[in-house]
Student: 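One structure, as structure tokens, below. Some questions next.
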Amino acid sequence: MFDIRDITIKNKIVVAPMAGVTNHAYRSIMKEFGAGLIYTEMVSDKALIFGNEKTYEMLYVGNDEKPIAIQLFGSEVKTMIQAAKIIEAHSNCDIIDINMGCPVKKVIKTGAGSKLMTTPERAEEIVREVVNAVSLPVTVKMRSGWDQTHINAVEMATRVERAGASLVAIHGRPRSQLYRGKADWEIIKKVKEAVGIPVVGNGDIKAPEDAKRMIEQTGCDAVMIGRATQGNPWLIKQTVTYLESGVYPSKIDQETKLSMMVEHMNRLIELKGEHLALLEMRTHGPWYIKGMKKASYLKREMAKIKDKESFMKMLDAYKNGSII
């Protein structure tokens, strides 16, 4: 348990924001499996200001998802203030998170995401002005730095704390590393020692034991899990249970995985309609079946399927052993 200003997070497990992944359907599953805090996909400040319909739809938050942070990205003080006010007025979220970690080219070429790690003064000003503009807690997610020769997370964390941020999450890789190699947990420890606000550690949490080791090694207040939850919401419950009791159920049978995949599909259909949901299942489905017998066959079939009925027939054939 930890607090983000006046919001109590019930445990130390946070689900990371992931573009194209952490929509309402995904988040509702993560919450049911016990995540203390979840984040939305990142939303663009300018898209909100220009009234982009799809971006406004991303502001939807169900009561069952709370507490939840909407992640905002941008690089200009004025537009970030405007966008933060729109979020506060039009969303049921609890927190506004400012993205200073995204490594994707189309984001950093605008000066946003992890590019803000190279402009500390501007980053600090953005946080300060957004904090002053809204009543919601403002948090920041960042990387260790821009590249291996510019590791400045400690400086950046102290700056955003000074600007009024209520929490900072640190991914232990610089932008240049993307998601390759090993995350540096030592930088998370250094940030925790440097600031008084809660610190969330992110990077290389693939099993409950990893979460415990990160907390013990860095002193962080919570751990953030991202890609390892894809097709594996059980990791959330396992980790919560392990941190509380020291044990957890490690085996998830195939039928349970396939049933959860169908549930995920149904939630996507409810959220986006059958056509878009089945397109998205071409991404989500392979995550659920990874490691199963004939997984490559199922993956190829999923890429062809355009409706729920065909999807279910494919699964029935797989379960009955009648596929080639």
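In this text the structure is predicted, and so the values were computed from the model without any measurement. Just so it is clear, the values below take in all heavy atoms, side chains as well, and ignore hydrogens, waters and symmetry mates.
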Student: I want to check something: taking the side chain as every heavy atom from C-beta on, are Pro17 and Met42 in contact at a cut-off of under 4.5 Å?
Tutor: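 When only atoms from C-beta onward are counted, Met42 and Pro17 do not touch, as no gap falls below 4.5 Å.
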Student: Search all heavy atoms of Ile197 against all heavy atoms of Glu161 and return the closest pair with its distance.
Tutor: N-OE2, 3.3 Å
Student: Check Arg159 with Glu121, please: is the shortest side-chain N to carboxylate O separation under 4.0 Å?
Tutor: yes
Student: Does the ring of Tyr179 carry Arg143 above it, NZ/CZ under 6.0 angstrom from centre and within 45° of its axis?
Tutor: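 Yes, a cation-pi geometry holds between Arg143 and Tyr179.
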Student: A side-chain contact here means heavy atoms from C-beta on lying under 4.5 Å apart; do Leu278 and Asp307 qualify?
Tutor: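 No, too far: nothing below the 4.5 Å cut-off.
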Student: Under 3.5 Å, is there a donor on one side chain and an acceptor on the other for Lys257 and Asn232?
Tutor: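 There is no such pair (donor and acceptor under 3.5 Å, judged by atom type) between the side chains of Lys257 and Asn232.
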Student: So does Arg122 pair up with Glu76, basic N to acidic O under 4.0 Å?
Tutor: no
Student: Is Leu279 isolated, or which residues cluster with it under the ILVMFWY side-chain rule of less than 4.5 Å, directly or via members?
Tutor: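 Direct or chained contacts put Leu279 with Leu276.
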Student: Give a yes or no on this: more than 12 heavy atoms of other residues, nucleotides or ligands lie within 6.0 Å of atom NZ of Lys66.
Tutor: yes
Student: Short question: side chain of Asp204, backbone of Ala183 - any donor-acceptor pair under 3.5 Å?
Tutor: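 Confirmed, Asp204 side chain pairs with Ala183 backbone.
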Student: Looking just at side-chain N and O atoms, do Tyr248 and Glu209 make a donor-acceptor pair shorter than 3.5 Å?
Tutor: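 Distance-only check passes for Tyr248 and Glu209.
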Student: Indicate whether any N or O donor in one side chain lies under 3.5 Å from an N or O acceptor in the other, for Gln230 and His284.
Tutor: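 On atom types as modelled, these side chains do not qualify, holding no pair under 3.5 Å.
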Student: Consider side-chain contact (heavy atoms from CB on, under 4.5 Å). Of Thr239, Thr241, Val240, Val247, which one does Pro208 pass it with?
Tutor: Thr239
Student: Is there a side chain to side chain contact (heavy atoms under 4.5 Å, CB included) between Leu258 and Ile289 once you walk through the steps?
Tutor: CA-CA 7 Å; Leu258 293 176; Ile289 64 174; 4.1 Å; yes
Student: Can you measure from CZ (Arg300) to NZ (Lys294) and round to the nearest 0.5 angstrom?
Tutor: 9.5 Å
Student: Checking Glu88 against Ser135: is there a side-chain donor and acceptor pair closer than 3.5 Å?
Tutor: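 Yes, because at least one side-chain N or O of Ser135 sits under 3.5 Å from a partner of the opposite role on Glu88.
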Student: With a 6.0 Å cut-off (strictly less than), is the heavy-atom count around CD of Glu53, excluding the residue itself, greater than 12?
Tutor: no
Student: Would you kindly say whether Lys46 and Asn52 are connected by a side-chain donor-acceptor distance under 3.5 Å?
Tutor: no
Student: Please check if atom NZ in Lys189 has more than 12 non-hydrogen atoms from other residues, nucleotides or ligands closer than 6.0 Å.
Tutor: no
Student: Counting neighbours of CD on Glu270 that are heavy atoms of other residues, nucleotides or ligands and sit closer than 6.0 Å, is the number greater than 12?
Tutor: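 Not buried by this count: 12 neighbours or fewer within 6.0 Å.
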Student: So, His264 and Tyr288: side-chain donor and acceptor under 3.5 Å apart, yes or no?
Tutor: yes
Student: Return yes if some donor-acceptor pair links the side-chain N/O of Ser245 with the main-chain N/O of Tyr242 below 3.5 Å, else return no.
Tutor: no
Student: One thing to verify: whether Lys304 and Glu301 come together as a salt bridge, which I'm taking to mean a side-chain N less than 4.0 angstrom from a carboxylate O.
Tutor: yes
Student: Examine the side chains of Thr79 and Asp45 and answer whether a donor and an acceptor come within less than 3.5 Å of each other.
Tutor: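 Thr79 vs Asp45: donor-acceptor pair found between side chains.
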Student: Please indicate whether Glu309 has more than 12 foreign heavy atoms, meaning atoms of other residues, nucleotides or ligands, lying under 6.0 Å from its CD.
Tutor: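 No, because the 6.0 Å sphere around CD of Glu309 holds 12 heavy atoms or fewer from other groups.
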Student: When you compare the side chains of Ser28 and Arg267, does any donor N or O come within less than 3.5 Å of an acceptor on the partner?
Tutor: yes
